[in-house]
Amino acid sequence: MKIQIDDKDFDLMLEYDQIKKRIRLIGIQLNVDFENRIPVFIGVLTGSFVFLGDLIKEITIASEVTFVKVKSYTGDQSGVITDEMAISMNLKDRDVIVVEDIVDTGKTLKYVLEKIKAQNPASLNVCTLLFKPNAVENEIEELTYVGFEIPNDFVVGYGLDYNGLGRNFKDIYKAVPKQR
Ligand code: IMP
């Protein structure tokens with residue numbers, strides 16, 4: 001199936017059934033790894049809200065959820081990232097699991113991880129639905145839970161947007177390169 005958002009065409013890449021199956025497995029792994037620990041899941045807004053919504057339903061151990069929102073200035077290539085909504089919880093001695101929709105260059109994640117590390121958590125791990133290994137600029141040692149490794153395609157759906165649109169699609173779609 002194909003969809004169109006603004007000027008871009010997209011092809012189906014991952015169906016919701018496949019995503020759900022993967023999330024179920026990640027959930028099982030998290031339940032084992034954090035048994036008796038009461039971890040804090042921190043969703044990185046906006047894109048992660050759909051993934052975290054499904055993931056948290058697979059978590060059977062006691063846990064807490066909060067969010068952080070950052071703003072990146074990509075247009076001017078400066079790579080500057082600032083807080084749009086800071087973390088409101090005390091994370092000292094907590095087991096923190098950062099939940100991302102996608103890790104592309106890894107710049108956003110690096111910024112979020114530094115902020116959390118400054119609070120001295122007991123442990124820090126990242127759970128991302130999608131990971132672009134060929135785009136990431138530096139190795140992220142906290143990247144423990146990865147849903148799917150994908151090529152450097154631009155993707156939308158399941159929380160991910162193109163110009164603010166497309167977050168509502170259940171499946172994930174990849175951009176079709178423009179024909180010349
Ligand atoms: P970073 O390059 O890893 O810092 O990614 C920054 C942010 O860009 C991610 O959290 C997403 O919100 C967004 N992003 C990166 N790649 C894609 C994509 O393929 N589709 C939609 N958003 C993306």
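Since this is a predicted model, take the numbers as computed values, not measurements. Read the numbers this way: they start at 1 and go in the same order the structure lists the ligands and their atoms.
In this structure, atom 8 (O) of ligand 1 has no protein heavy-atom contact shorter than 4.0 Å.
Remark: ligand 1 and Val155 share an N or O pair separated by less than 3.5 Å (distance only, no angle test). An N or O contact shorter than 3.5 Å is missing between Val103 and ligand 1 by distance.
Using a 4.0 Å heavy-atom cutoff, Thr46 is absent from the residues neighbouring ligand 1. For Glu100, the heavy-atom gap to ligand 1 drops under 4.0 angstrom. For Ile102, the closest heavy-atom approach to ligand 1 falls below 4.0 Å. The shortest separation from a heavy atom of Leu160 to ligand 1 is under 4.0 Å, placing the residue in contact. Under a 4.0 Å heavy-atom criterion, Leu130 is not in contact with ligand 1. Contact analysis leaves Gly47 out of contact with ligand 1, as no non-hydrogen atom separation drops below 4.0 angstrom.
Both Ile140 and Val68 belong to a common hydrophobic cluster when Ile, Leu, Val, Met, Phe, Trp and Tyr are linked at side-chain heavy-atom distances under 4.5 angstrom. Residues Tyr173 and Leu160 are members of separate hydrophobic clusters, defined by side-chain heavy-atom contacts under 4.5 angstrom among Ile, Leu, Val, Met, Phe, Trp and Tyr. Under the 4.5 Å side-chain heavy-atom criterion for ILVMFWY residues, a single connected hydrophobic cluster contains both Ile23 and Ile61.
Close contacts between ligand 1 and Asp161 involve ligand atoms 21 (C) [criterion: under 4.0 Å to a heavy atom]. Applying the 4.0 Å criterion to heavy atoms of Asp153 picks out, from ligand 1, the atoms 19 (O). Every atom of ligand 1 with a heavy atom of Lys132 under 4.0 Å away is listed here by number and element: 16 (N), 17 (C), 18 (C), 19 (O). When each atom of ligand 1 is checked for a heavy atom of Lys107 under 4.0 Å away, the hits are 3 (O), 4 (O).
Ion pairing between Glu149 and Lys132 fails under the 4.0 Å rule for side-chain N and carboxylate O. Between Lys117 and Glu142, at least one side-chain N (NZ, or NE/NH1/NH2) sits under 4.0 Å from a carboxylate O, which counts as a salt bridge.
Between the side chains of Asp101 and Tyr158, not a single donor N or O lies within less than 3.5 Å of an accepting N or O.
If you check which protein heavy atom lies closest to atom 4 (O) of ligand 1, you get Thr108 OG1, 2.6 Å. The protein atom (non-hydrogen) at minimum distance from atom 2 (O) of ligand 1 is Thr105 OG1, 2.5 Å. Protein heavy atom nearest atom 12 (O) of ligand 1, with residue, atom name and distance: Asp101 OD2, 4.0 Å.
Between Ile150 and Pro133, the shortest heavy-atom distance links the atoms O-CD, 3.5 Å. Taking both residues in full, the closest heavy atoms of Val96 and Pro121 are given as CG2-CB, 3.9 Å, listed atom of the first, atom of the second, then distance.
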What's the verdict on side chain to side chain donor-acceptor pair (under 3.5 Å) for Asn134 and Asn152, showing C-alpha distance, side-chain angles and the deciding distance? CA-CA 7 Å; Asn134 299 326; Asn152 284 0; 4.9 Å; no
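Few gaps surround CD on Gln4; more than 12 heavy atoms of other groups in view lie less than 6.0 Å from it.
Taking the six-membered ring for Trp and thresholds of 30 and 60 degrees, Phe10 and Phe154 have ring planes inclined between 30 and 60 degrees apart.
With a 4.0 Å cut-off on non-hydrogen atoms, Val44 does not touch ligand 1 at all.
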